[in-house]
Protein chains: 2
Amino acid sequence: MAVLADPTRREVLERLRAGPRPVNAIAAGLPVSRPAVSQHLKVLKEAGLVEERSEGVRRIYSVRREGLLELRVWLDSFWIDALDAFKLEAEKSYKAKKGKR
Amino acid sequence: MAVLADPTRREVLERLRAGPRPVNAIAAGLPVSRPAVSQHLKVLKEAGLVEERSEGVRRIYSVRREGLLELRVWLDSFWIDALDAFKLEAEKSYKAKKGKR
DNA sequence: TGCTTCCGTAAGCCATAGCTTACGGTAAGC
DNA sequence: GCTTACCGTAAGCTATGGCTTACGGAAGCA
């Protein structure tokens, strides 16, 4: 969750969505230096959102589908709980008002 | 998005899901001080995830349904884009392989 | 064997987030 | 009016995250 908090990191992810890319290509155009991107990639990799493959001297990074899905599931449960709780609460207060009348 | 990054803030939100509560009740049991909770509530309020109502000397906070939904929509679009892009990429590489044969 | 490109990592800097303590303001009860 | 329970805000500290520069290792190419 904290992984998605940083805008630069989200931007890196965005660029990766268009397909696998070497670090160079990802960093090009970004307002931060290449090492910074490397560091972000490391975090993303540890979070399981990205995977790395060597191709000669290059490291090709790509989005990791399973990681995305896991995150999706996590977020969804967070959600459903939240909305359900809200619904319950709403009903409760409704009944309370109703009872008062 | 950054709003959900902090664990304490998520915890505050969790407690609020069970229904509206005064600051005191929210802070009770949390490992941080009451003013810290106040500060988190301020952030949550500015993010539109929570709303505040005065009741005598107490401030009752509750989850704001619309805020939750907005966040939901935002997250969903992030998602759909991500998975779609992944799918496209997968198909592309598949066709590439197929073409090579 | 050099030279060059690509990249990860270490070291250090700096801004910011989150926390605490301290204070002040407001409502309720006496 | 005085006190007491709530709570927000200001000030200050500290840890941490993100960045940069600098370095070094690995692979291709002359």
Side-chain angles (χ1 to χ4, degrees), chain A residues 1-64 67 71 74-75 78 93, chain B residues 1-64 67 71 74-75 78 93:
Chain A
M1 162 63 51
V3 174
L4 295 183
D6 183 62
T8 305
R9 209 140 50 207
R10 284 203 301 271
E11 183 67 26
V12 168
L13 219 48
E14 296 274 338
R15 304 204 166 201
L16 242 34
R17 298 201 317 208
R21 303 208 179 298
V23 178
N24 245 355
I26 303 172
L30 281 183
V32 299
S33 71
R34 184 199 46 82
V37 173
S38 267
Q39 291 165 13
H40 283 305
L41 285 170
K42 187 178 178 183
V43 175
L44 288 171
K45 187 181 167 189
E46 285 170 356
L49 292 178
V50 140
E51 60 190 358
E52 176 200 349
R53 147 178 55 105
S54 279
E55 194 163 290
V57 73
R58 318 202 175 187
R59 312 286 180 101
I60 312 291
Y61 283 88
S62 53
V63 169
R64 191 168 154 273
L71 186 59
W74 192 91
L75 246 35
F78 181 77
S93 67
Chain B
M1 162 66 51
V3 175
L4 294 183
D6 183 62
T8 304
R9 209 140 48 208
R10 284 201 302 270
E11 183 66 25
V12 168
L13 218 49
E14 297 274 338
R15 304 202 168 203
L16 241 35
R17 299 201 316 208
R21 303 208 178 299
V23 178
N24 245 355
I26 304 173
L30 280 183
V32 299
S33 71
R34 184 200 46 82
V37 173
S38 266
Q39 289 165 15
H40 283 304
L41 284 169
K42 186 179 179 185
V43 175
L44 288 170
K45 187 181 168 188
E46 285 170 357
L49 292 179
V50 139
E51 60 190 358
E52 175 199 350
R53 149 177 54 106
S54 280
E55 194 162 290
V57 73
R58 319 201 173 185
R59 312 287 180 100
I60 312 290
Y61 283 87
S62 53
V63 169
R64 193 169 153 272
L71 186 58
W74 192 91
L75 245 36
F78 181 78
S93 67

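Small disclaimer: the values here were computed from a predicted structure and weren't measured. All chains are named by letter (A, B, ...) in the order of the sequence lines, taking the proteins before the strands, and each is independently numbered beginning at 1.
Atom CZ of B/R10 has more than 12 neighbouring heavy atoms from other residues, nucleotides or ligands inside a 6.0 Å radius.
With values rounded to the nearest 0.5 angstrom, B/I26 atom CD1 is found 8.5 Å from B/I60 atom CD1.
Nucleotide D/dG17 holds its C1' atom 15 Å from the CZ atom of A/R10, rounded to whole Å. The separation between B/I26 atom CD1 and D/dC7 atom C1' is 12 Å, rounded to whole Å. One can place CG of A/D6 at 13 Å from C1' of D/dT16, the figure rounded to the nearest angstrom. The CD atom of B/E11 sits 12 Å away from the P atom of C/dC19 (whole-angstrom rounding). Distance, A/R21 CZ to C/dC6 C1': 17 Å, rounded to whole Å. The CG atom of B/L30 sits 10 Å away from the P atom of C/dT20 (whole-angstrom rounding). Note: CZ (B/R34) to P (C/dC19) measures 14 Å, nearest angstrom. B/E52 places its CD atom 17 Å from the P atom of D/dC6, with the value rounded to the nearest Å.
Counting any heavy atom pair closer than 4.0 Å across all strands shown, B/P35 reaches a base atom.
Here the options are B/R58, B/R21, B/K42, B/K45, the test is salt bridge (charged side-chain N to carboxylate O under 4.0 Å, His left out), and the partner is B/E52; only B/K45 passes.
Residue A/S33 has no polar side-chain atom (N or O) positioned under 4.0 Å from OP1 or OP2 of D/dC19. Contact annotation: B/H40 reaches the phosphate of C/dC19 (side-chain N/O to OP1 or OP2, under 4.0 Å). Distances shorter than 4.0 Å separate none of the side-chain N or O atoms of A/N24 from OP1 or OP2 on C/dT5. Considering only side-chain N and O atoms, B/Y61 lies nowhere under 4.0 angstrom from the phosphate OP1 or OP2 of D/dC6.
Distance from the side chain of A/S38 is smallest to C/dC7 among D/dC19, C/dC7, D/dC6. When distances are taken from the side chain of A/R58 to each of C/dC6, D/dG18, D/dA10, the shortest belongs to C/dC6. Residue B/Q39 has its side chain nearest to D/dA10 when only D/dA10, D/dA27, D/dC6 are considered.
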Using the rule given for side chain to side chain contact (heavy atoms under 4.5 Å, CB included), can you reason through A/L4 versus B/L4, listing the C-alpha separation, both sets of side-chain angles and the distance that settles it, and then say yes or no?
CA-CA 10 Å; A/L4 295 183; B/L4 294 183; over 6 Å; no
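Closest of all the heavy-atom pairs between A/A5 and B/M1 is CA-CG, 4.2 Å.
Looking at A/R9, its side chain has no donor and acceptor atom pair within 3.5 Å of the base of D/dG17.
When each of A/A36 and A/E55 is assigned the nucleotide of DNA chain D bearing its nearest heavy atom, the one mapping closer to the 5' terminus is A/A36. Comparing A/A2 and A/G56, the nucleotide of DNA chain D nearest to each residue sits closer to the 5' end for A/A2.
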